[in-house]
Amino acid sequence: MIELFFTDKIKAAFRLGNPVVALESTIISHGMPYPQNVETALSLERIVLDGGAVPATIAILNGKVKVGLSPEEIDYLGQPGTNVEKVSRRDIPFIVSAGKNGATTVAATMIFAAKAGIKVFATGGIGGVHRGGENSLDISADLQELANTNVAVVSAGVKSILDIGRTLEYLETMGVPVIGFGVDEFPAFYTRKSGFGVDYRLDDSKEIAKVLDTKWKMGLKGGVLIGNPIPEQQQMKPEVIEEAIRKALLLAEEKGIKGKAITPFLLGGIKDLTEGDSLFSNIRLVENNAALAARIAVDLSTL
Ligand code: PSU
Ligand code: MN
């Protein structure tokens, strides 16, 4: 058994049966530049608290799996940014055994959240099937984790750096329910529309909590993906973001960027190409997800 290290606040939340929301750390190290990454990580924690739940940002520090980080630890992880190892399922034993620092992806965060008994997790966007994935087989381990690990992930959908259609097909094959929160269309991260529908639209966090509770009480293994679209006023113009994505993808191909480096490379490229507009949208949508995750966690704790 791998030991998890909890902050006192998280321990107290468990003892009292208070709702807890997991937050990932790759978004801090690889998803945004310093210092906005640290500011955002702290703002997410405040939003979860305001929503009546306890935030648990998850990361590996000096080989220890931390469930809940102090503001100093968040800064420690955010400053070196992409120099911190990005840790998905396969990377965990290497980082832990070497006593290194690691920022956990959606997949790795789900694993530790589930071990800790945390049911709800807020992120920005999950990984998925990359464009051209039918040839490269570049499919994020996040999808496999959603298939197997009992955690609900609140996201703003997936970026169109990925193949959204194939990502949804993969999730369907793996039996992962995809919920549109207040929308019939699966959101595309920076924009509210992707052109792909969701099978289930739910308009109330209580309804979502009920579905989660039912799924797991029935012993149906695996996660649930909630697509929570970016608020209307904060979304980007589809043409602008598509053009930036197209350019970033071309640049990645020219430079031969592959594997786990591709997502951070594209995110950075898009931010530069949109002169920071995408960063603003990115921050707003994650905050929006943290607020919804807190509501779902609160509703779930009453069932
Ligand atoms: N997508 C985003 N922002 C992110 C990520 C994905 O829009 O920060 C991060 C998440 O941590 C996600 C990971 O779990 O990238 C997926 O990486 P990969 O495709 O290498 O599995
Ligand atoms: Mn990949």
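Just the heavy atoms: all of them, side chains too, but no hydrogens, waters or symmetry mates, feed the values below. This structure is a prediction, so every number in the text was calculated from the model and none was measured. Start at 1 and go down the list; that is how both ligands and their atoms are numbered.
Contacts of Leu267 with ligand 1, taken as heavy-atom pairs under 4.0 Å, involve the side chain alone. With a heavy-atom cut-off of 4.0 Å, Thr263 touches ligand 1 through its side chain alone.
For atom 9 (C) of ligand 1, the nearest protein heavy atom (residue, atom name, distance) is Thr26 CG2, 4.0 Å. Here the heavy atom of the protein found nearest to atom 6 (C) of ligand 1 is Gly125 O, 3.5 Å. Of the protein's non-hydrogen atoms, the one nearest atom 11 (O) of ligand 1 is Glu24 OE1, 2.7 Å. Of all protein heavy atoms, the one closest to atom 21 (O) of ligand 1 is Ser140 OG, 2.7 Å. Residue, atom and distance of the protein heavy atom nearest to atom 18 (P) of ligand 1 are Lys86 NZ, 3.6 Å. Looking only at heavy atoms of the protein, atom 12 (C) of ligand 1 is closest to Asp142 OD2, 3.3 Å.
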| said: For Glu207 and Lys210: C-alpha separation, side-chain torsions, deciding distance, then whether salt bridge (Lys or Arg N to Asp or Glu O under 4.0 Å) applies. | reply: CA-CA 5 Å; Glu207 292 176 76; Lys210 226 167 124 186; over 6 Å; no
| message | Assess the residue pair Lys247 and Glu243 against the criterion (salt bridge (Lys or Arg N to Asp or Glu O under 4.0 Å)); give the C-alpha distance rounded to whole Å, side-chain angles, the decisive distance to 0.1 Å, and a yes or no. | response | CA-CA 6 Å; Lys247 284 192 182 145; Glu243 179 63 11; 3.7 Å; yes
| message | Test salt bridge (Lys or Arg N to Asp or Glu O under 4.0 Å) on Asp184 and Arg201; report intermediate values, then the result. | response | CA-CA 6 Å; Asp184 298 303; Arg201 168 186 174 151; 3.1 Å; yes
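Using modelled atom types, no side-chain atom of Ser281 and backbone atom of Ser278 make a donor-acceptor pair closer than 3.5 Å.
In Asp138, the N, O or S atom that comes nearest to the Mn ion (ligand 2) is OD1.
Side chains of Thr104 and Ser25: a donor on one and an acceptor on the other come within 3.5 Å.
The closest approach between Lys159 and ligand 1 falls below 4.0 Å for a heavy atom of the residue.
Both tests do not hold together for Lys11 against Phe6: distance to the six-membered ring centre under 6.0 Å, angle to the ring axis within 45°.
For ligand 1, the polar-atom distance check finds no N/O of Ala107 at less than 3.5 Å from any of the ligand's N/O atoms.
Of all heavy-atom pairs between Thr149 and Ala114, the closest is CG2-CB, 3.5 Å.
Residues Ile283 and Leu77 share a single hydrophobic cluster, defined by chaining ILVMFWY side chains whose heavy atoms lie under 4.5 Å apart.
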